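Quick notes on the structure that follows.
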Amino acid sequence: MPRRHLRVTGAAEAPLRAALRELRTTLDVPGAFPADALAEAERAAAAPHPPEPGGKDATDIPFFTIDPPTSVDLDQAMHLSRRDGGYRVRYAIADVAAHVTPGGPLDAEAHRRVTTLYFPDEKVPLHPTVLSEGAASLLPDQTCPAVLWTLDLDAEGRTVATDVARATVRSRAKLDYEGVQRAIDDGTAEEPVALLRDIGRLREQLETERGGISLNVPEQEITERDGRYQLGYRAPLPADGWNAQISLLTGMAAADLMLAAGTGILRTLPAAPDGAVGRLRRTALALRIDWPHHVPYAQLIRSLDPRKPHHAAFLQECTTLLRGAGYTVFSGGTLPDLTVHAAVAAPYAHCTAPLRRLADRYASELCLAACAGTPPPEWVLAALPGLPKEMADGTRRANAVERGCVDIVEAALLKDRIGDIFEACVVDVKDHEPAVGTVQLTDPAVVARIEGGTGPLPLGERLRVRLTQADPGAAKVQFAPA
């Protein structure tokens, strides 16, 4: 898992283009789509595969999407309602398989790309934009094919029934997190939106009970203003977390379906070793965060405020427990030894972002077959064994892109300020080199290495630091204690 979150907005011209082009070359980022893949995408956009017999017409359901304001590759749309004694979640997922022919040039190119990559100056999509931002995207007022999940919950938010089928849907509104949060807080949200808080909170409580965690780590955000890039921090809103719970709910239902059917692809994470948890407890002590031994880890996480520097520093450290996640495939009824994602504290699958992540298209097909009681398509079974490695390689490249983009922007922002003094907070200290670590500046929003002091760094404390290096070409920023 990446050490820090990154959200990228804006796409104006800037003097960073040369460094970003070099990063794309270094990481072997795919360029333009091959002509045959583009031609297939154009044909599919005009005429997707015919609906399967018995497919649902769900265009009467007023779905809505929740995404960043500039997003147009919309994978998910939802509609929330009450039912006797509980709730109904309808979750429409973009039906990529309705546009991609197995074994064709577009399919081959998707397997080469694996994930959508986000740069400050451009996006490198998994699928051509005529699909990912057009015919396959759940844009408002567009009728398109979808994989429709219907999840019935009881009064406590537990799943009591699951159905998944192909459907035709039509989203009514494109909402963003800030607007949703504001409407819910001031009481103006209509019931399908207002229920996001009710269901989200119930699912968060269940997550706590089963020992799962959701880390509200502040995002380091690159934005564009007046032709220049800037860095800032964004603490997730409650609505971010409620929205994420709907996706988690669906991913858990998908895992259960595939495990029951005996064939599937799971997102798994082994439990953190005792040594890693012990280090985290020492970090909590250094940051003066009270963590009694009888308090579960998940309960502690929920008590933290990411707007407080020492809490934000601890949340960053918590991401170390989430490293090692991977994809696990199984077939023929033989289940793998590891079926659980330790952070979710339950079996879990990626299935809600097929426009941006390759594995999700296959998970959707396996769940459709499992729910219908039919064998999975042969093209799915043929690709299944190779998916874990493909996804691991693609995820590593996506993480490298994220880290590289942030490093380049940080260096460009600071390149003329060598020797200047900044206010910072120490967010990480190396175990065996206590004078080396990581600092988080307040302004600009930079996270970088610090070394060169004569004594141990004060973890979680504010510190005045001097900029000693800022090289956009090398994508490197470094500080020393002032």
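Please read all numbers here as calculations on a predicted model, not as lab measurements. Here, residue 1 is the first one in the sequence, and each next residue gets the next number.
Here K123 pairs with D73 in a salt bridge; the nearest charged N to carboxylate O distance falls below 4.0 Å. Between R201 and E204 no salt bridge is recorded (no basic side-chain N to carboxylate O distance below 4.0 Å). Under a 4.0 Å N-O distance rule, the pair E207/R302 qualifies as a salt bridge.
S137 places a side-chain N or O within 3.5 Å of a backbone atom of V72 that can act as its donor or acceptor partner. At least one donor-acceptor pair under 3.5 Å links the side chain of H311 to the backbone N or O of D305. Looking at R267, its side chain never comes within 3.5 Å of a backbone N or O of A255 through a donor-acceptor pair. Formation of a donor-acceptor pair under 3.5 Å by the K430 side chain with backbone atoms of T438 is not found in this model. Distance alone, capped at 3.5 Å, places no donor-acceptor pair between the H127 side chain and the S132 backbone.
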Please tabulate, one pair per line, all N/O donor-acceptor pairs under 3.5 Å involving side-chain atoms of residues 97-108, not counting sequence neighbours.
from	atom 1	to	atom 2	distance (Å)
H99	ND1	D95	O	3.3
T101	OG1	H49	NE2	3.4
D107	OD1	R361	NH1	3.3
D107	OD1	R361	NH2	2.9
D107	OD2	G103	N	2.9

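T116 approaches L126 most closely through the heavy-atom pair OG1-N, 3.0 Å. V340 approaches A345 most closely through the heavy-atom pair CG1-C, 4.1 Å. Closest approach of F330 and M258 over heavy atoms only: CE1-O, 3.5 Å. Summarising the geometry of V29 relative to V124, their closest heavy-atom pair is CG1-CG2, 3.8 Å, with the distance given to 0.1 Å. Here the closest heavy-atom approach between residue L259 and residue P347 is recorded as CD1-CB, 3.7 Å. Between A146 and A92, the shortest heavy-atom contact is CB-CB, 4.1 Å.
Rounded to the nearest 0.5 angstrom, H111 NE2 and M391 CE are separated by 10.5 Å. Atoms CD and CG, on Q478 and D471 in that order, are 11.5 Å from each other to the nearest 0.5 Å. Remark: T468 OG1 to R449 CZ distance equals 10.0 Å, nearest 0.5 Å. One distance of note links CE of M78 with CZ of F63; it measures 10.5 Å at 0.5 Å rounding. Note that SG of C318 is 7.0 Å distant from CG of L300, once rounded to the nearest 0.5 Å. The distance from the CD1 atom of I289 to the CG atom of L315 is 7.5 Å, given to the nearest 0.5 Å.
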Go through the steps for T268 and H341 under the test side chain to side chain contact (heavy atoms under 4.5 Å, CB included), then give the verdict.
-> CA-CA 4 Å; T268 54; H341 190 291; 5.7 Å; no

R166/E365 under salt bridge (Lys or Arg N to Asp or Glu O under 4.0 Å): CA gap, chis, key distance, verdict | CA-CA 10 Å; R166 283 201 150 85; E365 295 303 311; 2.4 Å; yes

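The shortest distance between side-chain heavy atoms of P30 and R397 falls below 4.5 Å. Proximity of L237 to W242: side-chain heavy atoms (C-beta onward) are nowhere separated by under 4.5 Å. For the pair L413 and E410, the minimum side-chain heavy-atom distance is 4.5 Å or more. Proximity of Q245 to S214: side-chain heavy atoms (C-beta onward) are separated by under 4.5 Å at one or more points. In this structure, the side chains of D240 and Q181 stay at 4.5 Å or more apart for every pair of heavy atoms. Within the 4.5 Å cutoff, the side chain of T339 has no heavy atoms near those of the T328 side chain.
A cation-pi arrangement, defined by a distance under 6.0 Å to the six-membered ring centre and an angle within 45 degrees of its axis, is present between R113 and F33.
Within the structure, the side chain to side chain donor-acceptor pair (under 3.5 Å) test picks out the following pairs touching residues 139-149 (sequence neighbours left out): T143-R170. For residues 246-266, every residue pair satisfying the side chain to side chain donor-acceptor pair (under 3.5 Å) rule, not counting sequence neighbours, is listed here: S247-T352.
Of the N and O atoms on the side chains of T65 and S171, not one donor lies less than 3.5 Å from an acceptor on the other residue.
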